[in-house]
Amino acid sequence: MTAAPTPIVSRNPADPADVVAEVAAAGAPAAAAAVERARAAQAGWLAGGAAARSAALSAVAGALEAATEELADLAVREVGKPLAEARAEMARTVAIWRYYAQAPYEASGAVHEPAAGPGLLLTRRRPHGVAGLITPWNFPFAIPSWKAAPALAAGNTVVLKPAPEATACALRLAGIVREAVPEGVFTVVAGGAAEGGAVVDSADVVSFTGSTGVGTAVVRAATARGVPVQAEMGGLNAAIVLPDADIGRAAAHIAAAIAGYAGQKCTATSRVIAVGAALDPLREALADALRAVPVGDPADPATVCGPLVSAPARDRLAPARESLSVVAAGAAPDGPGWYAPPVLVEKVPAGHALLREEVFGPLAALLPADDLPHAVRLANEVPYGLVTSVHTADLGAALHGLDHLDTGMIRVNAPSTGVDFHLPFGGAKASAHGPREQGRAALEFYTSSRTYTLMP
């Protein structure tokens, strides 16, 4: 007899005694069956036409907007997202669905003249079928949306396997989407690795966001089947600060990128590289800025740094900063939540885990650099390449960074965190595999290009 799947339990990171959701995991067979149901529904969803798909996505956007406060509160409770960030995530989520609601009306190909003689040459993009989406807990509404909305707009159906920690958010999102689309077009499969593996093993196109280890396995499995796959994975992001930068402004941006949402973003800053004479003033300004970061109850609108998502996530930070020189440490509240203070360290030895592995917490290392080329080398010498921020008043220095940094995204005089949903998002090296997400890049990923030759 097959054992029943382990129940999925998600808890409030600010009050672990508060169980937000407890549901039965679907099990791998049920996950595979969900993909088959989605495949059966896909032809009808596509045949319904551009107007129907556009109207459905617009309806989702409207329903999400109407439920913004409820959904933001749910994100606060289930994943510990500070309320201000949760509200911003919901605004972005609504905008994503509205943006892709226009996509069904866009041209899906082009007409070309043949090289010689009569006839027509056509290119056309067509959906793959079922999009299998594996998503993390840290953006429980925005990330599933920026994967699902373009997939649906292009005529695919969707099976979403969310992180267990964000189960309640995913089920609530599914309830809203299913009100606007036909049966089988959007399905959530609750569970863990077994369910995710079943989705990857049966979907026609796969999109993953999460850790590098799991993402590498997802890429391997999808590639072995010959299906398109994209994976957005870890980051070990640097902020480069030059002496001519506005040090106070740079420190404020960097502190927010270190400690915002307790550093639980793939775009968070975990290495701060101070060039030359910027080191001393930046150390002082950044220490002051980190100490001033409001840490506490994520339901408080003033909170910037809430709890870590779990006890293991919190406990993993302590060994990372052992034997290091602490420049500044904020205050963490007493109580039942999984809190950790924002910390800045320096004099980190080469090869230390803090300089090799993703942190995913409010902890960063301050590193000195002799000049800009040295800073760029330091920024590039990690396995990851997601995003780098560069702080300077010199356009030439900014352009040097743009030309030489090994990251998929570069932000000048801005925090490393922050996403523009209408532009391509993605990294280099171990941070990403496959085509970019978001913007028009997403529509291209969820479709395949076909070339037709029509002769009289």
Undergrad: Measuring only between side-chain heavy atoms, which start at C-beta, is Val309 closer than 4.5 Å to Asn138?
TA: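 Counting from C-beta outward, Val309 and Asn138 never come under 4.5 Å.
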Undergrad: Show your working on side-chain hydrogen bond (donor to acceptor under 3.5 Å, both in side chains) between Thr269 and Ser416 and close with a plain yes or no.
TA: CA-CA 6 Å; Thr269 295; Ser416 62; 2.6 Å; yes
Undergrad: Counting distance only, does the side-chain N/O of Asp204 pair as donor-acceptor with the main-chain N or O of Val227 below 3.5 Å?
TA: no
Undergrad: CD1 of Ile176 to CZ of Phe141: how many Å apart, nearest 0.5 Å?
TA: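 The CD1 atom of Ile176 sits 7.0 Å away from the CZ atom of Phe141.
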Undergrad: Cation-pi between Lys81 and Phe139: NZ/CZ under 6.0 Å from ring centre and within 45° of the ring axis?
TA: yes
Undergrad: Below 4.0 angstrom, N of the basic side chain to O of the carboxylate: do Arg77 and Asp15 qualify?
TA: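 A salt bridge is absent here (no side-chain N lies under 4.0 Å from a carboxylate O).
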Undergrad: To the closest 0.5 Å, what do you measure between CD (Glu78) and OG1 (Thr167)?
TA: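 Spacing of CD (Glu78) from OG1 (Thr167) equals 6.0 Å.
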Undergrad: Looking at Glu65 and Arg98, does any basic side-chain N land under 4.0 Å from a carboxylate oxygen?
TA: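 Looking at Glu65 and Arg98, the cut-off is met.
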Undergrad: In chain order, what residues pass the ring pair (Phe, Tyr, Trp, His ring centres under 6.0 Å) check against His400, with sequence neighbours excluded?
TA: His404
Undergrad: Locate the shortest heavy-atom distance separating Ala149 from Ile96; write the atom from each residue and the value.
TA: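 Taking Ala149 first and Ile96 second, the nearest heavy atoms are CB-CG2, 4.2 Å.
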Undergrad: Tell me, do Thr93 and Leu64 make a side-chain contact under 4.5 Å, heavy atoms counted?
TA: yes
Undergrad: Does some side-chain heavy atom of Leu423 sit less than 4.5 Å from a side-chain heavy atom of Gln438?
TA: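 Result no, sub-4.5 Å side-chain heavy-atom pair not found.
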Undergrad: Are the charged groups of Arg87 and Glu69 less than 4.0 angstrom apart, N to O?
TA: yes
Undergrad: Any side-chain donor paired with an acceptor under 3.5 Å for Trp338 and Ser310?
TA: no
Undergrad: Determine, step by step, whether Val185 and Leu152 satisfy the side-chain contact (heavy atoms from CB on, under 4.5 Å) criterion, reporting the C-alpha distance in whole Å, the side-chain angles of both residues, the deciding distance to 0.1 Å, and the verdict.
TA: CA-CA 8 Å; Val185 170; Leu152 294 170; 3.6 Å; yes
Undergrad: Around atom CD of Glu183, are there more than 12 heavy atoms from other residues, nucleotides or ligands closer than 6.0 Å?
TA: no
Undergrad: Closer than 3.5 angstrom, by distance alone: can the side chain of Glu358 be matched with the main-chain N or O of Asn237 as a donor-acceptor pair?
TA: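 Checked: no pair found.
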Undergrad: Sub-3.5 Å donor-acceptor pair from the side chain of Thr157 to the main-chain atoms of Ala38, do we have one?
TA: yes
Undergrad: Once rounded to the nearest 0.5 Å, what's the spacing between atom OG1 of Thr392 and atom CG of Asp246?
TA: 11.0 Å
Undergrad: Between the side chain of Arg271 and the main-chain N/O of Leu236, is any donor-acceptor distance below 3.5 Å?
TA: yes
Undergrad: Is it true that Glu85 and Lys265 have a side-chain N and a carboxylate O under 4.0 angstrom from each other?
TA: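 Yes, Glu85 and Lys265 are salt-bridged.
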Undergrad: Scan side-chain atoms only and decide if Gln230 and Ser207 contain a donor-acceptor pair under the 3.5 Å cut-off.
TA: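 Their side chains do contain a donor-acceptor pair, which is all the 3.5 Å distance test asks for.
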Undergrad: With under 30° as parallel and over 60° as perpendicular, where do the rings of Phe425 and Trp146 fit, or are they tilted in between?
TA: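 If you compare the ring of Phe425 with that of Trp146, the planes turn out tilted.
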Undergrad: Identify the heavy atoms of Ala231 and Gly215 that sit nearest to each other, and give their distance.
TA: CB-O, 4.3 Å
Undergrad: May I have the step-by-step check of side-chain contact (heavy atoms from CB on, under 4.5 Å) for Trp45 and Arg53, ending in yes or no?
TA: CA-CA 8 Å; Trp45 173 242; Arg53 296 200 303 279; 3.7 Å; yes
Undergrad: Is there a donor-acceptor pair closer than 3.5 Å between any side-chain N or O of Arg39 and the backbone N or O of Ser202?
TA: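 It does hold such a pair.
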Undergrad: Rounded at 0.5 Å granularity, tell me how far CZ in Arg124 sits from OG1 in Thr451.
TA: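 Answer for the CZ-OG1 pair, Arg124 versus Thr451, is 12.5 Å.
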Undergrad: I'd like to know if Lys147 pairs up with Glu437 as an ion pair, taking the criterion as any Lys NZ or Arg NE/NH1/NH2 lying under 4.0 Å from an Asp or Glu carboxylate oxygen.
TA: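 Salt bridge present between Lys147 and Glu437.
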Undergrad: More than 12 non-hydrogen atoms from neighbouring residues, nucleotides or ligands closer than 6.0 Å to CD on Glu36, yes or no?
TA: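 It does: Glu36 CD has more than 12 such atoms within range.
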Undergrad: Would you find a donor on one side and an acceptor on the other, under 3.5 Å apart, between the side chain of Arg225 and the backbone of Val200?
TA: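 Present.
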Undergrad: Would you find a donor on one side and an acceptor on the other, under 3.5 Å apart, between the side chain of Asn156 and the backbone of Ala131?
TA: no
Undergrad: Between Arg436 and Pro424, is there a donor-acceptor pair closer than 3.5 Å when you use the side chain of the first and the backbone of the second?
TA: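 Checked: no pair found.
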Undergrad: Which class fits the ring pair His391 and His253: parallel under 30°, tilted 30 to 60°, perpendicular over 60°?
TA: tilted
Undergrad: Using a 3.5 Å distance criterion without hydrogens, assess whether the side chain of Thr303 forms a donor-acceptor pair with backbone atoms of Asp297.
TA: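 Present.
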Undergrad: Check whether any side-chain N or O of Asp420 sits under 3.5 Å from a backbone N or O of His422 as a donor-acceptor pair, and report yes or no.
TA: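 Answer holds: no.
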